[in-house]
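Whatever order the structure lists them in is the order used to number ligands and atoms, beginning at 1. Model, not experiment: these values are computed from the prediction.
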Amino acid sequence: MIDVVDLLIIGSGISGLSAALEAKKYFKNVLIIDKGYHSGGRICSKKINSFCFNHGAPYINKSSKSFNLGFSNFINKIDKVVPFKVSSNKKTDDSVLLVNPNMRSLFNKHLNKLNINQKTKVLHIIKQVNYYQIKCDNGKIYKSKKIIVTAPAPQTADLIKDVSPEMLKYINRANFSQCISVLLGFNQSFDLPLNSFFYDEIGGICSLLYENHNSKYSKNSSLVIRMSDKWSQFHFNMTNDEIINHCLSIISKKFNIIKINNVVSTYCHKWRYSQVTKRLPSNASIVNKEKNLGVAGDWTLGPTIEDAYNSGKLVVQKILEI
Ligand SMILES: Cc1cc2nc3c(=O)[nH]c(=O)nc-3n(C[C@H](O)[C@H](O)[C@H](O)COP(=O)(O)OP(=O)(O)OC[C@H]3O[C@@H](n4cnc5c(N)ncnc54)[C@H](O)[C@@H]3O)c2cc1C
């Protein structure tokens with residue numbers, strides 16, 4: 001069966017969600033499809049045993065002195081967003097916000113207003129005379145007059161290469177860093193500052209987030225280790241076990257209170273597209289000539305969650321321009 005919608009959005013990361021919230025004002029039938037298990041894309045929390053790790057973006061950065069009104073409203077709808085000071089041996093950045101109990105909950109209040117199909121990967125977009133046909137890995141086919149693609153730039157380029165090749169010359173200029181995150185769950189708590197970030201370049205580690213929740217979401221304490229862009233790029237093909245062992249040996253040396261047998265959960269996640277290092281040129285068009293295909297995502301505006309949010313709203317306005 002073919003499902004027909006007015007606007008189909010590929011990706012339920014923050015740019016896809018903000019595009020959908022904006023588009024709902026103008027289109028009757030808006031559908032988001034996403035290949036992941038949960039909405040949020042790179043803003044995500046992973047549950048392993050009794051631990052919950054923020055292994056993607058750990059906090060919201062302010063890209064300017066104050067957030068724009070739309071984004072403020074979006075995050076003000078969440079009661080658990082708190083200002084936070086990042087402790088660092090490099091700089092002190094007090095303009096970040098933590099989301100409690102975890103980053104995934106950033107979206108909770110918005111999701112039930114939207115029509116979202118998760119676990120659905122788009123394989124091909126085919127242009128017909130008056131509409132697009134979207135073929136997915138689970139056999140589903142959708143028909144839509146307009147499409148917005150919010151996947152990271154290389155994946156977006158792959159999806160639209162046959163239907164809008166003229167947009168590729170810009171999209172291919174966007175760049176991302178790679179990042180490896182290692183998650184450790186402990187069988188006890190340690191005397192370390194709670195919810196703290198430490199920057200430490202030893203052995204390629206660029207930040208350590210220690211959390212000590214005792215809630216239904218997370219028991220005992222945990223550590224999210226983020227490897228630097230450079231280290232991640234160089235060691236991307238190392239096995240997960242090798243990376244975890246590398247981190248365990250550094251952590252047990254750095255904090256001699258933590259012993260290897262305190263570690264009861266381990267996980268390694270490799271982000272092929274982590275943070276934007278080069279965005280789309282500012283003169284690049286984010287919609288095609290016919291204004292029925294648009295692209296959004298952090299890579300169209302800048303490297304932060306706020307940029308990704310703004311890009312979703314912007315692409316809807318561009319599609320509506322006559
Ligand atoms: C480790 C890490 C740390 C970060 N730290 C910070 C930080 O401290 N502060 C900050 O502001 N930002 C940070 N970021 C960046 C921030 O997470 C991103 O800028 C933002 O989440 C991007 O949102 P997006 O919607 O543009 O893309 P994404 O979140 O990547 O969403 C794209 C969605 O498209 C889906 N998709 C892709 N291809 C297909 C397909 N073929 N079919 C269906 N669905 C598809 C994906 O499943 C995904 O859900 C970090 C990112 C990472 C990975």
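Taking a 4.0 Å cut-off on heavy atoms, Asp158 fails to register as neighbouring ligand 1. Ligand 1 lies out of reach of Glu306, whose nearest heavy atom is not under 4.0 Å from it. The shortest separation from a heavy atom of Ser311 to ligand 1 is not under 4.0 Å, leaving the residue out of contact. Distances shorter than 4.0 angstrom occur between a heavy atom of Ile43 and an atom of ligand 1.
For the pair Lys143 and Tyr132, the cation-pi test (distance below 6.0 Å, angle within 45°) is failed.
Those atoms of ligand 1 that come under 4.0 Å of a heavy atom in Gln155, given as number and element, are 37 (C), 38 (N). Close contacts of ligand 1 with Asp34, meaning ligand atoms under 4.0 Å from a residue heavy atom, involve 33 (C), 34 (O), 35 (C), 43 (C), 44 (N), 46 (C), 47 (O), 48 (C), 49 (O). Here is the list of ligand 1 atoms found below 4.0 Å of a heavy atom in Gly297: 26 (O). Within ligand 1, counting atoms from 1 as listed, the ones closer than 4.0 Å to a heavy atom of Trp271 are 1 (C), 53 (C). Those atoms of ligand 1 with a heavy atom of Gly40 less than 4.0 angstrom away are 29 (O). Interface of Ala308 with ligand 1, defined as ligand atoms under 4.0 Å from a residue heavy atom, comprises 22 (C), 23 (O), 26 (O). Every atom of ligand 1 is numbered from 1 in the order shown, and the set under 4.0 Å from a heavy atom of Gly11 is 33 (C), 34 (O), 35 (C). Each of the following atoms of ligand 1 lies closer than 4.0 Å to a heavy atom of Thr150: 32 (C).
When only non-hydrogen protein atoms are considered, atom 24 (P) of ligand 1 lies nearest to Ser15 OG, 3.4 Å. For atom 4 (C) of ligand 1, the nearest protein heavy atom (residue, atom name, distance) is Ala57 CA, 3.3 Å. Looking only at heavy atoms of the protein, atom 42 (N) of ligand 1 is closest to Val122 N, 2.9 Å. Among all protein heavy atoms, the one lying closest to atom 10 (C) of ligand 1 is Asn61 OD1, 3.3 Å. Of the protein's non-hydrogen atoms, Asp298 OD2, 4.0 Å is the one closest to atom 20 (C) of ligand 1. In terms of protein heavy-atom proximity, atom 43 (C) of ligand 1 is closest to Lys35 N, 3.3 Å. Ranking protein heavy atoms by distance to atom 31 (O) of ligand 1, first place goes to Gly13 CA, 3.5 Å. For atom 16 (C) of ligand 1, the nearest protein heavy atom (residue, atom name, distance) is Ile305 CG1, 3.9 Å.
Listed by first then second residue, pairs satisfying side chain to side chain donor-acceptor pair (under 3.5 Å) with a partner in residues 169-186 number zero, not counting sequence neighbours.
Within a 6.0 Å radius of CZ in Phe234, other residues, nucleotides and ligands contribute 12 heavy atoms or fewer. In the displayed structure, Asn130 atom CG is contacted under 6.0 Å by at most 12 heavy atoms of other residues, nucleotides or ligands. Counted within 6.0 Å of CD on Gln233, heavy atoms from surrounding residues, nucleotides or ligands total 12 or fewer; the atom is thus considered open. No more than 12 heavy atoms of other residues, nucleotides or ligands sit less than 6.0 Å from atom NZ of Lys253.
Not one N or O of Tyr273 is nearer than 3.5 Å to an N or O of ligand 1, by distance alone. In terms of polar-atom proximity, Cys179 is not counted as a contact of ligand 1, lacking any N or O under 3.5 Å from an N or O of the ligand. Checking only distances, Ser181 never comes within under 3.5 Å of ligand 1, N or O to N or O. Close N/O approach between Tyr59 and ligand 1 is found [any backbone or side-chain N/O within under 3.5 Å]. Where the criterion is an N or O separation shorter than 3.5 Å, residue side chain and backbone included, Ile10 fails it with respect to ligand 1.
When Ile147, Thr150, Asp34, Leu31 are each tested for a side-chain contact (heavy atoms from CB on, under 4.5 Å) with Ile10, only one passes: Ile147. Residue Met227 is tested with Ser207, Ser232, Cys268 for a side-chain contact (heavy atoms from CB on, under 4.5 Å); the sole match is Ser232.
Under a 4.0 Å N-O distance rule, the pair Lys140/Asp3 qualifies as a salt bridge. Between Asp298 and Arg42 there is a salt bridge, since a side-chain N of the basic residue sits under 4.0 Å from a carboxylate O of the acidic one.
Rounded to the nearest 0.5 Å, atoms NZ (Lys259) and CZ (Phe186) are 12.0 Å apart. With rounding to the nearest 0.5 Å, the separation of SG in Cys44 from OH in Tyr37 is 15.0 Å.
When hydrophobic clusters are built by joining Ile, Leu, Val, Met, Phe, Trp and Tyr residues whose side-chain heavy atoms come closer than 4.5 Å, directly or via intermediates, Ile148 is grouped together with Val163.
The aromatic rings of His246 and His235 sit parallel, their planes meeting at an angle under 30°, below the 60° perpendicular limit. Aromatic ring pairs are classed by plane angle as parallel below 30°, tilted from 30° to 60° and perpendicular above 60°; the pair Tyr309 and Phe71 is tilted.
Counting heavy atoms closer than 4.0 Å to ligand 1, residue Gln275 contributes side-chain atoms (C-beta onward) but none from N, CA, C or O. For Pro303, every heavy-atom contact with ligand 1 shorter than 4.0 Å involves the backbone, none the side chain. Looking at Arg42 against ligand 1, both its backbone and its side chain come within 4.0 Å, counting heavy atoms.
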Tell me, with the steps shown, if Val30 and Asn115 meet side chain to side chain contact (heavy atoms under 4.5 Å, CB included).
CA-CA 7 Å; Val30 177; Asn115 192 7; over 6 Å; no
